[in-house]
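Let me begin by presenting the structure, written as structure tokens, before commenting on it.
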Amino acid sequence: MRNLPTTYDPKDVEERLYTNWEAQGYFRADPDPEKKPFTIVMPPPNVTGQLHMGHALDNTMQDILIRFKRMQGYNALWQPGTDHASIATEVKVIEQLKKEGIPNKEVLGREGFLKRAWEWKEEYGGRIIKQLKKMGSSADWQRERFTMDEGCNKAVEEVFVRLYDKNWIYKGSRIINWCPVCQTSISDAEVEHEEQAGHFWHIKYPIVGEDGFVEIATTRPETMLGDTAVAVNPEDERYTDLVGKMLELPLTGRQIPVIADAYVDKEFGTGCVKITPAHDPNDFEVGKRHDLEEINILNDDATINERGGKYCGMDRYEARAQIVKDLEELGLLVRVEDHVHNVGTHDRCHTTVEPMIKPQWFVRMKEMAETCREALEDGRLTLVPERMNKIYLNWINNMRDWCISRQLWWGHRIPAYYCEDCGETVVHKGGAPAVCPKCGGTHFHQDEDTLDTWFSSALWPFSTLGWPEETEALKYFYPTDVLVTGYDIIFFWVIRMVFSGIEQTGQVPFHTVIFHGLVRDELGRKMSKSLGNGVDPLEVIEQYGADALRFTLVTGNAPGNDMRYSETKVQASRNFANKIWNASRFILMNLDEDLPETVPAEDLEAADRWILSKVNDLVRDVTDNMEKYELGLAVGKLNDFFWDEFCDWYIEMVKSRLYGEKGTSRTTALWTLKAVLRTALKLLHPYMPFITEEIFSYICPDEGSIMISDWPVYQEAWNFPAEEEEISVMKEAIRAIRNIRATMNVPPKTKATVYVVTTDAHVADIFRRGAGFFAPLSFADQVIVQEDRTGLSESAVQIPLQNGSAFIPLEQLVNLDKERARLNKEKDRLAGEIERAEKKLSNERFVSKAPANVVEEERNKVVKYNAMLQEVVTQLARLG
RNA sequence: GGGGAUGUAGCUCAGUUGGUCAGAGCGCUACGUUCACAUCGUAGAAGUCGAAGGUUCGAGCCCUUUCAUCCCUACCA
């Protein structure tokens, strides 16, 4: 125990402690009516996923809160699990098949493919969980769930049936976003917009029966194959005569009408817009209004279909080039402009998305969007930071029906069955219905589509707890308390959980959502695979330890803000861990006597009282910050307290007592060291679980694990405001002396007697009592406290105190001119302070309007600085 | 077009309800290794808190305007 290494080695302890915590069942949470629950559901990482910095940040924050609440006595459940991630996983499995020479999933068939997918999940699905454990995550792993497990599937079918029965889920042919590579529809939220340089082709459409033309402009000439009208604004005088006439659609031989629709912007382009209802969302709407034909000219892989005539079989871009060429030859191409426009791409594969009309399943959002709004506005839901409210409401205000069907195999299959006899659609949970309610038929085939992954994620807070069964866990832990997640999925996930929770359970699934930002690289760029700038958290843990990584991720970061990751930050955290280690090691080295349970208050010396008071304040402040989810502020205070107050001051102050003889003073110092360290370790534990547990086992060997120990509370017995004041006087004096010695280049080895000259009994008392540490910290061989300048020469170096002065007889080392200059500078500084304070006080409105304590403080300042100024003036006079 | 964020020391950022808040870490300068730690200590240099107005006795902190950077969102073909 006395021979701990001088540096902390995380590798030595992390795995051992984690294994033990898990074995002891400390992470488990079961319903217990005696305790209050506190629940966080873990945002389920993709089963395909590998731990990245985003996960690391997200999980660190959750673990901090869970450990904090657990120590506070809550029955803290952190509910973990993974997400099946339909597209991501399906893509991975297909990749694997390709490596084996299987060209596509159809070769295996649906059953065969799913079998492979499950095998893949069994093999790799646990990887991310293992990685989360390396972070120190104290989730209840026995409750680990998977969005596609039996229970979640039940929940999904239940919700689907309920919403369908309510008419809030419907099937319809609508224009949706189609990914030609993934061969599936995707929701609006999965579309990313990229600015791309393109062109504006101006094309002439001949007017039937006349010589004239209509000029239209388009960025996508190939879609003209599907044009069924040209639209102008009804207010546009230029084209009033045109409306109702027919145009000849070049390259196709078809005739299309000119229609009037307010959607057209007169000012933009030529004021004439080609309308392609089958391949543009706006045109689709226009088409509906004017009852236009919808001509789909594309195959699912975005090649032109048979409706495209000679262009049939060409890829969309190939067709575009050919069409432009052909138009040019026909003399119908007026001109080509460069044009930058936004192109929708699929967020998974970055393929340009193609709007297409497809029969798909939708969730009606109107009513549920309103319930989301109400939950926020009536305070049942709180978002941290508050500005997320605006973003949340912005989404709510623009919410459109949610396309939930996907043409994929890996996912929850839509529980809709079609009667083979009459074609009736029957939505049914737990497999196909026995009998068709319409015709009595008994043969059905199930809808081929699966559900958007987020449909099951939306149920996560309650499906994981057993819903739709009324389980004990559900009753006890639901609704959950806090959700921690990135602001980037507020729409994908948070809003959908909110409306699903309210709709299905009648309750908002959590009362608070804490948003964090992105972890960026040193240059502020997003970490991404394509850039190759991602930092692997596991490698950081390997090199610096999980505690250092965790500490880094929450330090100096305000909620909702992005942060930049840099290795030097981790090094700083590692250094802090090492500081904790060594301070503890120092205490252990000296802890060679049995300490009493408590120490009588009268035995506590000023320094002891001061540090106890400080740590007591720390308990209050840190707890307060953590309850407000201000983790960055809390961790900053912990760092400052431990390093500055405890290590740099208190430990230095008590060294002389520790090195001295055994007795009350030494015992009291040891007791205080231990008490403060013990408290600080507890406060630090949520942030740095490993090192604190390891040290706690040495410092408090009889107290068991720190992670299930009690969270410290503020205690009046440790409140010593007088000593806080007293020690700050001493600290100021010590700093001043050190400063002077440094500027005069006096080496620490040169000891000098420090004289404290004061007629103020209180000040004299402070320095007499504190001489034990005042002397070594101010490099003095002794401290003499007296009422006058006996034994001091005129030119002794003077340090003004509040009521008196400290003197150091270093005359031989001092250049008198320099000393005069120094004192004059000090005089000016003090005079400046006094002037500023007096100016404030002479302002009547300040005196009358500012709070009394603020005014009082200014008055005290004047008194204090005046006294110090007097000392300096006297000394200057002495030097002549 | 709409919405949001950021702008504080050379770099990365804190600053919680307006009143010692002008801060921290890294970097830099000087000095220092006998007794916890050089993954350390002591001292120091460094910022008109993007700019301009305003509210207030008092403003990085509140209001207005403005400049710069970034993100989200949107149907200008």
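Since we're looking at a predicted model, the values are computed, not measured. Note on naming: letters A, B, ... go to the chains in the order of the sequence lines (proteins, then strands), and numbering restarts at 1 for each one.
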Inset, instruction - Look at the side chain of A:E652 against the base of B:A36 and say whether a donor-acceptor pair falls under 3.5 Å; ignore hydrogens and angles. - result: yes
Inset, instruction - Say whether, by atom type as modelled, one donor and one acceptor occur between the side chain of A:R741 and the main chain of A:T750 under 3.5 angstrom. - result: yes
Inset, instruction - Verify the contact: side-chain N or O of A:K390 to OP1 or OP2 of B:G3, cut-off strictly under 4.0 Å; return yes or no. - result: no
Legend entry - Phosphate OP1/OP2 of B:C76: any A:K266 side-chain N/O under 4.0 Å: no
Inset, instruction - Answer with base, sugar-phosphate or nothing: what part of the nucleic acid does A:W201 contact at a heavy-atom distance below 4.0 Å? - result: nothing
Inset, instruction - Pick base, sugar-phosphate or nothing for A:N342, based on heavy-atom distances below 4.0 Å to the nucleic acid. - result: base
Inset, instruction - Sticking with atom C1', work out how far B:A74 lies from B:U17, rounded to a whole angstrom. - result: 38 Å
Inset, instruction - Pick base, sugar-phosphate or nothing for A:D265, based on heavy-atom distances below 4.0 Å to the nucleic acid. - result: base
Legend entry - Nearest-Å distance once atom C1' is located in both B:G50 and B:C61: 16 Å
Inset, instruction - Between B:G1 and B:U66, how far apart are the P atoms? Round to whole Å, please. - result: 14 Å
Inset, instruction - Compute the centroid of each ring, for A:F268 and then for A:F200, and state whether the two points are separated by less than 6.0 Å. - result: yes
Inset, instruction - Determine the interatomic distance between P on B:U42 and the same-named atom on B:A36; round to the nearest Å. - result: 15 Å
Legend entry - Student check: side-chain heavy atoms of A:L658 and A:F586 closer than 4.5 Å: yes
Inset, instruction - Indicate, with a heavy-atom threshold strictly under 4.0 Å, whether A:P747 touches base, sugar-phosphate, or nothing. - result: nothing
Legend entry - Conformer about C1'-N of B:G60 - syn within 90° of 0, anti elsewhere: syn
Inset, instruction - With heavy atoms under 4.0 Å as the rule, sort A:K655 into base, sugar-phosphate or nothing. - result: base
Legend entry - Short side-chain N/O contact to B:A77 OP1/OP2 from A:H339, under 4.0 Å: yes
Legend entry - Presence of A:N590 side-chain N/O under 4.0 Å of B:A36 phosphate oxygens OP1/OP2: no
Inset, instruction - Please confirm whether any donor atom in the side chain of A:R574 sits under 3.5 Å from an acceptor in the base of B:U39, or the reverse. - result: yes
Inset, instruction - Please state whether the rings of A:Y8 and A:W581 are parallel, tilted or perpendicular, taking 30° and 60° as the class boundaries. - result: tilted
Legend entry - Short side-chain N/O contact to B:G3 OP1/OP2 from A:W395, under 4.0 Å: no
Inset, instruction - Looking at every strand, decide which applies to A:V264 at a 4.0 Å heavy-atom threshold: base, sugar-phosphate, or nothing. - result: base
Inset, instruction - Answer with base, sugar-phosphate or nothing: what part of the nucleic acid does A:D488 contact at a heavy-atom distance below 4.0 Å? - result: nothing
Legend entry - Residue matched to B:U34 through Watson-Crick or wobble contacts both under 3.5 angstrom: none
Inset, instruction - Using a heavy-atom cut-off of under 4.0 Å over every strand shown, decide if A:T7 touches base, sugar-phosphate, or nothing. - result: base
Inset, instruction - Just say parallel, tilted or perpendicular for the rings of A:F646 and A:Y650, cut-offs at 30° and 60°. - result: parallel
Inset, instruction - Mind checking A:R564 for me? I need base, sugar-phosphate or nothing, with any heavy atom below 4.0 Å counting as a touch. - result: sugar-phosphate
Inset, instruction - Return yes if the base of B:U16 and the side-chain atoms of A:N625 contain a donor-acceptor N/O pair under 3.5 Å, otherwise no. - result: yes
Inset, instruction - Would you indicate whether the side-chain heavy atoms of A:P559 and A:H516 approach each other to under 4.5 Å? - result: no
Inset, instruction - Could you check whether A:W581 gets within reach of a base, just the sugar-phosphate, or nothing at all, counting any heavy atom under 4.0 Å? - result: nothing
Inset, instruction - Could you let me know what B:C62 is paired to, Watson-Crick or G-U wobble, both distances under 3.5 Å, or none if it's on its own? - result: B:G54
Legend entry - Whole-Å C1' distance, B:G54 and B:C75: 41 Å
Inset, instruction - Provide the distance between the two P atoms, one in B:C40 and one in B:G23, to the nearest whole Å. - result: 23 Å
Inset, instruction - Quick one: label A:G556 by what it contacts on the DNA or RNA (base, sugar-phosphate, nothing), any heavy atom closer than 4.0 Å. - result: sugar-phosphate
Legend entry - Integer angstrom distance from the P of B:U6 to that of B:U39: 37 Å
Inset, instruction - Assign A:A850 to base, sugar-phosphate, or nothing according to its heavy-atom contacts below 4.0 angstrom with the strands shown. - result: base
Inset, instruction - Would you mind classifying the nucleic acid contact of A:R741 as base, sugar-phosphate or nothing, using non-hydrogen atoms under 4.0 angstrom? - result: nothing
Legend entry - Pairwise P distance, B:U65 and B:A5 [rounded to whole Å]: 14 Å
Inset, instruction - Please determine, for B:A43, whether a Watson-Crick or G-U wobble partner exists with both distances under 3.5 Å, and give it or none. - result: B:U29
Legend entry - Any A:Y659 side-chain nitrogen or oxygen under 4.0 Å from OP1 or OP2 of B:A36: yes
Legend entry - N/O (side chain, A:H341) to phosphate O (OP1/OP2, B:C76) under 4.0 Å: no
Inset, instruction - For B:G1, give its Watson-Crick or G-U wobble partner with both distances under 3.5 Å, or none. - result: B:U73
